[in-house]
Peer 1: 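Sharing a structure, written as C-alpha cells. Questions coming.
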Amino acid sequence: TKAIKMFREVGVIDVIKLAREEDVKVQAVEKLENYDAILEHDADGQNFAITTNIQHPMTRIRFSVAHELAHYLLHRNDVVENGKIHRGNSDGFDPKKEKEANQLASEILMPEQVIFDLLDEGGVGLNQVVPSDLFNDLADKLQVSKQALAIRLENLGYVVTLTNVA
C-alpha cells in the first residue's frame, strides 16, 4: 500500500500527504467546537476537506486525520448526503461506520506488515509480550498514541501489558 511504501522510503507515514493524494484538503484551526476533526464537502460534493483541531496532541491529530480520510474512502456518499462527518461527539452517527473508520485509520497509520517487520526486528513474534521499551519505540516511530498502538497490536495478535500503555 501507499502507507507501507511511504514508511519504507521515508520512515514515517505522512497522513496529510496521503489525504492530499486523494484530493482531500487538510487544514487545522485553533478551535473546533465539540469535535476532534470534521470531513466536509462543497455544495457539489466534488471537493472535500478535513479540518482538525491544532490544539490537540500531534498523535491525536494524526489519528483524527486518518479517521476522516477513512470516512472519505469508505463513506464518501454519506458525506455528500449529510454535508459532513465529524470525529468527536457523534450526534448519533452510525457507530458501525465509526468503528470501520477507526479500523481503517489504524491500518493507515500502523500497517500490519510494518508492525510485523518492526517487532520481528525486536525479536517479538505473534502471541508474545511486547516489551515496554520496544512498545514505546514503536509508538514513537509510528507517531501514534500508546492507546491506539495497544489496540492495534492486540488486534494483530500481540500481547500488550498495562505497563506498556501507562
Peer 1: Under a 3.5 Å cutoff, is there a donor and acceptor pairing between the side chains of N102 and H67?
Peer 2: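 Per modelled atom types, N102 and H67 side chains form a pair under 3.5 Å.
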
Peer 1: Using modelled atom types and a 3.5 Å cut-off, is there a donor and acceptor pairing between side-chain atoms of R62 and backbone atoms of I13?
Peer 2: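 Between the backbone of I13 and the side chain of R62 there is a qualifying donor-acceptor contact (under 3.5 Å).
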
Peer 1: Taking the side chain as everything from C-beta on, heavy atoms only, tell me whether D36 gets closer than 4.5 Å to N53.
Peer 2: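 The answer is no, as the side chains (C-beta and beyond) never meet within the 4.5 Å cut-off.
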
Peer 1: Drop me the distance from L149's CG to T59's OG1, to the nearest 0.5 angstrom.
Peer 2: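 These two atoms lie 11.0 Å from each other.
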
Peer 1: Find out whether E107 and E112 are in side-chain contact, i.e. whether some heavy atom of one side chain is under 4.5 Å from a heavy atom of the other.
Peer 2: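 Sidechains of E112 and E107: no contact.
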
Peer 1: Strictly below 4.0 Å, N to O, side chains only: are K25 and E40 in salt-bridge contact?
Peer 2: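 No, this pair does not count.
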
Peer 1: Any side-chain heavy atom of L118 within less than 4.5 Å of one from D137?
Peer 2: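 The answer is no, as the side chains (C-beta and beyond) never meet within the 4.5 Å cut-off.
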
Peer 1: Looking at every heavy atom in both I54 and A28, which two are closest together, and how far apart are they?
Peer 2: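 The pair with the smallest heavy-atom distance is CD1-CB, 3.7 Å.
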
Peer 1: Any chance you could measure L69, atom CG, to L74, atom CG, to the nearest 0.5 Å?
Peer 2: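 The CG atom of L74 is 9.0 Å from CG of L69, to the nearest 0.5 Å.
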
Peer 1: Which pair of non-hydrogen atoms, one from S64 and one from A37, has the smallest distance, and what is that distance?
Peer 2: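 Looking at all heavy atoms of both residues, the shortest contact is CB-CB, 3.8 Å.
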
Peer 1: Please report the interatomic distance CG(D117) to CZ(F7), rounded to the nearest 0.5 Å.
Peer 2: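 One gets 9.0 Å once the value is rounded to the nearest 0.5 Å.
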
Peer 1: Determine whether L18 and D14 make a side-chain contact, defined as any pair of heavy atoms from C-beta on separated by less than 4.5 Å.
Peer 2: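 Result no, sub-4.5 Å side-chain heavy-atom pair not found.
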
Peer 1: Let me confirm one number: the OG-CZ distance from S145 to R152, rounded to the nearest 0.5 Å.
Peer 2: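 S145 atom OG to R152 atom CZ measures 13.5 Å (nearest 0.5 Å).
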
Peer 1: Are any non-hydrogen side-chain atoms of L138 and L119 less than 4.5 angstrom apart?
Peer 2: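 Yes, side chains in contact.
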
Peer 1: For a side chain to side chain contact (heavy atoms under 4.5 Å, CB included) check, start with the C-alpha distance between E68 and I38, then their side-chain angles and the critical distance, and finish with the verdict.
Peer 2: CA-CA 7 Å; E68 298 305 333; I38 298 174; 5.9 Å; no

Peer 1: Please walk me through it: do N155 and Q103 pass side chain to side chain contact (heavy atoms under 4.5 Å, CB included)?
Peer 2: CA-CA 10 Å; N155 287 340; Q103 178 64 37; 4.2 Å; yes

Peer 1: Would you check if R8 and Q113 make a side-chain contact, meaning some heavy-atom pair closer than 4.5 Å?
Peer 2: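 The answer is yes; the side chains approach within 4.5 Å.
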
Peer 1: Over all heavy atoms of both residues, which pair between V160 and F135 is shortest? Give the atoms and the distance, please.
Peer 2: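 Shortest heavy-atom contact: CG1-CE1, 4.0 Å.
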
Peer 1: Answer yes if I151 and V114 sit in the same cluster of Ile, Leu, Val, Met, Phe, Trp and Tyr residues linked by side chain heavy atoms under 4.5 Å apart, and no otherwise.
Peer 2: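 In one cluster: no.
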
Peer 1: Report yes if some heavy atom in the side chain of K146 is under 4.5 Å from a heavy atom in the side chain of N136; otherwise report no.
Peer 2: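 Yes, their side chains come closer than 4.5 Å.
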
Peer 1: Do L142 and L109 pass the side chain to side chain contact (heavy atoms under 4.5 Å, CB included) test, and can you show the C-alpha distance, the side-chain angles, and the key distance before you say yes or no?
Peer 2: CA-CA 7 Å; L142 295 171; L109 293 173; over 6 Å; no

Peer 1: Let me confirm one number: the NE2-CZ distance from H71 to F48, rounded to the nearest 0.5 Å.
Peer 2: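 Spacing of NE2 (H71) from CZ (F48) equals 13.0 Å.
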
Peer 1: Which heavy atom of L134 sits nearest to which heavy atom of G122, and what is that distance?
Peer 2: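 Between these two residues, the closest heavy atoms are CD2-CA, 4.0 Å.
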
Peer 1: Does F63 have R60 sitting over its ring (NZ/CZ under 6.0 Å from centre, angle to axis within 45°)?
Peer 2: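 Judged by the rule (NZ or CZ under 6.0 Å from the ring centre, within 45° of its axis), R60 is not positioned above F63.
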
Peer 1: Given 3.5 Å as the limit, does a donor-acceptor pair link the side chain of E9 with the main chain of M6, or not?
Peer 2: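 No.
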
Peer 1: So, taking the atom named CD1 in I50 and the one named CD1 in I16, what distance separates them when rounded to the nearest 0.5 Å?
Peer 2: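 The distance works out to 9.0 Å.
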
Peer 1: So do the side chains of F116 and Y158 get within less than 4.5 Å of each other, counting heavy atoms only?
Peer 2: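 A side-chain contact under 4.5 Å exists here.
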
Peer 1: Apply salt bridge (charged side-chain N to carboxylate O under 4.0 Å, His left out) to K2 and E22, showing your working.
Peer 2: CA-CA 11 Å; K2 289 181 184 180; E22 294 293 331; 3.6 Å; yes

Peer 1: Check whether Q27 reaches the backbone of T51 with its side chain - one donor and one acceptor, N or O, closer than 3.5 Å.
Peer 2: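 Flag not set: sc Q27 to bb T51 has no pair under 3.5 Å.
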
